[in-house]
Student: 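Before I ask anything, let me first share the structure, which is written out below as structure tokens.
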Amino acid sequence: MKQTPVLIVGGGYAGLASALFLSHQGVPCLLVDRHPGVSLLGRARGINPRTLEIYRPLGLDELVKEAGRPFDEDAGLARCATLTSEWQWLFDNDSPRALPELTAGEFGLADQSAVEPILIEAARARGAELWFDTQCQSIEPDADGVTAVVENRTTGERHTIRAQYVIGADGYGGAIRERLGIARTGLGAVRHFVTFVIKADLSEIITKRALFWIVGEPGVAPSAAFISHALRDHWGLSLIYDPDQESPDDFTDERCVAAAKAVIGRDLPVELVSKASWTEAVGVADRYRSGRVFLVGDAAHVWPPAQGLGANSAVQDAHNLAWKLAAVLAGRASDALLDTYEAERRPVALELADLTVRSQAARFSSAPEEDPVDPVTCVLGQRYASTAMAGTPPESVFGDGVPQDARPGTRAPHLWLSLDGRRIGVHDLFHDSFVLLCGPGGEKWARAAVEGVRVHRVGAELVDVEGHWDSRYGCDAVLVRPDGYVAWRSDDPAGEHDPATRLAAALHQILH
């Protein structure tokens, strides 16, 4: 029997991010995934600024941005009957990729097939064990942990794993949620796709690259979507099919090549590279936790792929849960802290599921309407209400725009800082512990030593490059969680106790 603090089932974005963030926090973990390796399909295009903001202090931001370089020229959304017919640009420019007033992160266009190898290498470098080609056969939770049986799909070798906690990151069709008896609320399956990658020289046809093309006759529902791929002369094609009439097995290699030529609108050499099927669905798990098992990513929520919010939410789920598991496993927090994962992330998922359905309807109708999704607010304006903070919680997941004042439950407002002559974003400080961020008048707070809290002071080792501390923080000190969310501020009512006592009391309230 192999022992591990955390077993992760599923090696997509949610699982790999969980392994990365746990190992970064010093938590040993084992990930098992039934696939032999990374898929060649260009899935989950897009890295949003919040996700890149999370990757920055781990030293992964430049690698992720470089993975998106092949898509630098992609912009806009086009609709056409075939690629050789006239294109109707639903929008032909893109939102700014850098938002320097709001974050040090940027929008990027790397896809899952290019980013997953980066996450794999980074997680392994920090000590995570990753077993691919390994199927989870069963999990049996009990009061003290979880027993799982896994099997290597090539050799048939079986292992029994004993874990203190399990993260179910096995996707929309995964078995863990069903084994736990957790229902999923929502529209369910909406459309079914066969997706494949082709190799073809389209340089004479595609002279201006869109983010993707919606393919179908004007005035009718689209029949296919066409996207570029990270590899030169490789393209992705998704075909809609009716599961009542046919199955993915009906899409032979010959049929896929013929369909690709029909979508292109020209008979030219086409090579089929890779093929898979998937279901577009809408649903949010009724619970994110069952005892010692947690659902993350598509296992917890699915919705249409508008603005890349699904894959990025998976990473952000993992980021929210990892520091809480680390605190509980280290004995710094009670088990109650783990309940705040669902309390914080599930309301976000419910809001995004509704917004993305509306966005999909607006974009893909026969008469496209203005997209109701404001990507900046959806990405940077998410707010939490839970016991993992001390203060008045926000009233809703989203307010008007991105909060620019540091209040409990909000993402810490962005500041450009200088540290030892190096320009950083304030979120570069938040990743492996609580941070007490003190302002120019916070000297007494900076001297308040509390175990598990790192202190940084603006006006001392940190230079507020643009002078935004007063307008965005406006107090002597703010306690920020490892995930970059404000947990407490020094001007909240707390009696006349000394700073160390007040800070320790706030931290105890948050963790217990």
Side-chain angles (χ1 to χ4, degrees), residues 1-8 17-31 54 57-58 123 126-129 139-148 161-169 288-296 317-345 384 386-391 408 429-437 448-456 479-488 494 497 499-512:
M1 180 177 290
K2 181 176 176 60
Q3 306 271 351
T4 183
V6 182
L7 171 66
I8 303 163
S18 297
L20 171 62
F21 300 141
L22 284 168
S23 57
H24 182 73
Q25 295 276 350
V27 177
C29 57
L30 168 64
L31 178 149
I54 290 169
L58 279 62
R126 289 165 170 81
E129 287 189 78
I139 61 166
E140 295 293 338
D142 55 55
D144 300 318
V146 184
T147 300
I161 313 295
R162 182 64 179 172
Q164 291 176 261
Y165 295 97
V166 167
I167 294 176
Y288 278 20
R289 179 185 189 185
S290 177
R292 290 178 172 266
V293 184
F294 300 85
L295 303 179
V296 174
D317 288 345
H319 194 236
N320 182 287
L321 179 59
W323 74 265
K324 296 172 181 177
L325 281 171
V328 172
L329 287 165
R332 298 190 301 269
S334 75
D335 181 80
L337 178 65
L338 299 177
D339 289 332
T340 68
Y341 164 62
E342 176 182 318
E344 294 178 354
R345 294 300 299 168
Y384 298 155
S386 80
T387 58
M389 53 200 62
L429 304 173
F430 314 136
H431 56 97
D432 60 353
S433 72
F434 278 80
V435 168
L436 185 67
L437 190 62
V450 176
E451 185 179 0
V453 177
R454 186 169 63 246
V455 178
H456 289 286
L479 184 65
V480 183
R481 308 185 324 184
D483 61 355
Y485 270 70
V486 176
W488 171 87
H497 298 296
T501 301
R502 287 178 61 187
L503 182 58
L507 196 63
H508 183 273
Q509 178 182 339
I510 292 160
L511 296 177
H512 295 84

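What you see is a predicted model, and the numbers here were worked out from it, not measured in a lab.
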Student: Does any N or O in the side chain of Y341 come within less than 3.5 Å of the main-chain N or O of L295, such that one atom is a donor and the other an acceptor?
Tutor: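 Here the side-chain-to-backbone pair exists.
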
Student: Considering all heavy atoms of both residues, which atom of A318 and which atom of F21 are nearest to each other, and what is their separation?
Tutor: C-CD1, 3.8 Å

Student: Output the distance between atom CD1 (I167) and atom SG (C29), rounded to the nearest 0.5 Å.
Tutor: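 If I round to the nearest 0.5 Å, the distance is 7.5 Å.
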
Student: In chain order, what residues pass the ring pair (Phe, Tyr, Trp, His ring centres under 6.0 Å) check against F294, with sequence neighbours excluded?
Tutor: none

Student: What's the shortest heavy-atom distance between Q25 and P482, and which atoms?
Tutor: NE2-CB, 4.1 Å

Student: Output a table of donor-acceptor pairs, distance under 3.5 Å, between side-chain atoms of residues 505-512 and any protein atom two or more places apart or on a different chain; print 'none' if there are none.
Tutor:
from: H512; atom 1: ND1; to: H508; atom 2: O; distance (Å): 3.2

Student: Is R162 salt-bridged to D142, going by a charged N under 4.0 Å from an acidic O?
Tutor: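 Here R162 pairs with D142 in a salt bridge, since their nearest N and O are under 4.0 Å apart.
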
Student: May I ask you to decide if the ring planes of F434 and W323 are parallel, tilted or perpendicular, using 30° and 60° as cut-offs?
Tutor: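 Ring orientation of F434 relative to W323: perpendicular.
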
Student: Looking at V6 and A163, what are the two nearest heavy atoms and their distance?
Tutor: C-CB, 4.5 Å

Student: How many angstroms lie between atom CG of D432 and atom CG of L58, to the nearest 0.5 angstrom?
Tutor: 9.0 Å

Student: What pairs with E129 under salt bridge (charged side-chain N to carboxylate O under 4.0 Å, His left out), at least two apart in sequence or on another chain?
Tutor: K2

Student: Would you mind checking if R289 and D335 are paired as a salt bridge, meaning a charged N to carboxylate O distance below 4.0 Å?
Tutor: yes

Student: Over all heavy atoms of both residues, which pair between A388 and A487 is shortest? Give the atoms and the distance, please.
Tutor: O-CB, 4.4 Å

Student: Using 0.5 Å steps for rounding, measure from the CG atom of L337 to the OG1 atom of T387.
Tutor: 7.0 Å

Student: Among residues at least two apart in sequence or on other chains, which ones pass salt bridge (charged side-chain N to carboxylate O under 4.0 Å, His left out) with R126?
Tutor: none

Student: Kindly give the heavy-atom pair with the smallest separation between A448 and L503, and that separation in Å.
Tutor: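 Closest approach of A448 to L503: O-CD2, 4.2 Å.
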
Student: How far does CZ of F430 sit from NE2 of H319, to the nearest 0.5 angstrom?
Tutor: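 Separation between the atoms: 11.0 Å.
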
Student: Identify the heavy atoms of S433 and R454 that sit nearest to each other, and give their distance.
Tutor: OG-NH1, 3.0 Å

Student: Could you tell me which residues satisfy ring pair (Phe, Tyr, Trp, His ring centres under 6.0 Å) with H431, sequence neighbours excluded, listed by chain and number?
Tutor: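 Scan of H431 (ring pair (Phe, Tyr, Trp, His ring centres under 6.0 Å), adjacent residues dropped) gives H24.
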
Student: If you define the side chain from C-beta out and look only at heavy atoms, does anything of R345 sit under 4.5 Å from L321?
Tutor: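 R345 vs L321: side chains apart.
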
Student: Between R292 and A143 (side chain of the first, backbone of the second, donor and acceptor by atom type, cut-off under 3.5 Å), is there such a pair?
Tutor: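 Confirmed, R292 side chain pairs with A143 backbone.
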
Student: Who passes salt bridge (charged side-chain N to carboxylate O under 4.0 Å, His left out) against R481, sequence neighbours left out?
Tutor: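 For R481 the salt bridge (charged side-chain N to carboxylate O under 4.0 Å, His left out) partners, ignoring immediate neighbours, are E344, D483.
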
Student: Using the side chain to side chain contact (heavy atoms under 4.5 Å, CB included) rule, pick out the option among L7, T4, L329, I8 that qualifies with Y165.
Tutor: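 It is L329, the one option of L7, T4, L329, I8 that forms the side chain to side chain contact (heavy atoms under 4.5 Å, CB included) with Y165.
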
Student: NZ of K324 to CG of L338: how many Å apart, nearest 0.5 Å?
Tutor: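 Atom-to-atom, K324:NZ and L338:CG are 8.5 Å apart.
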
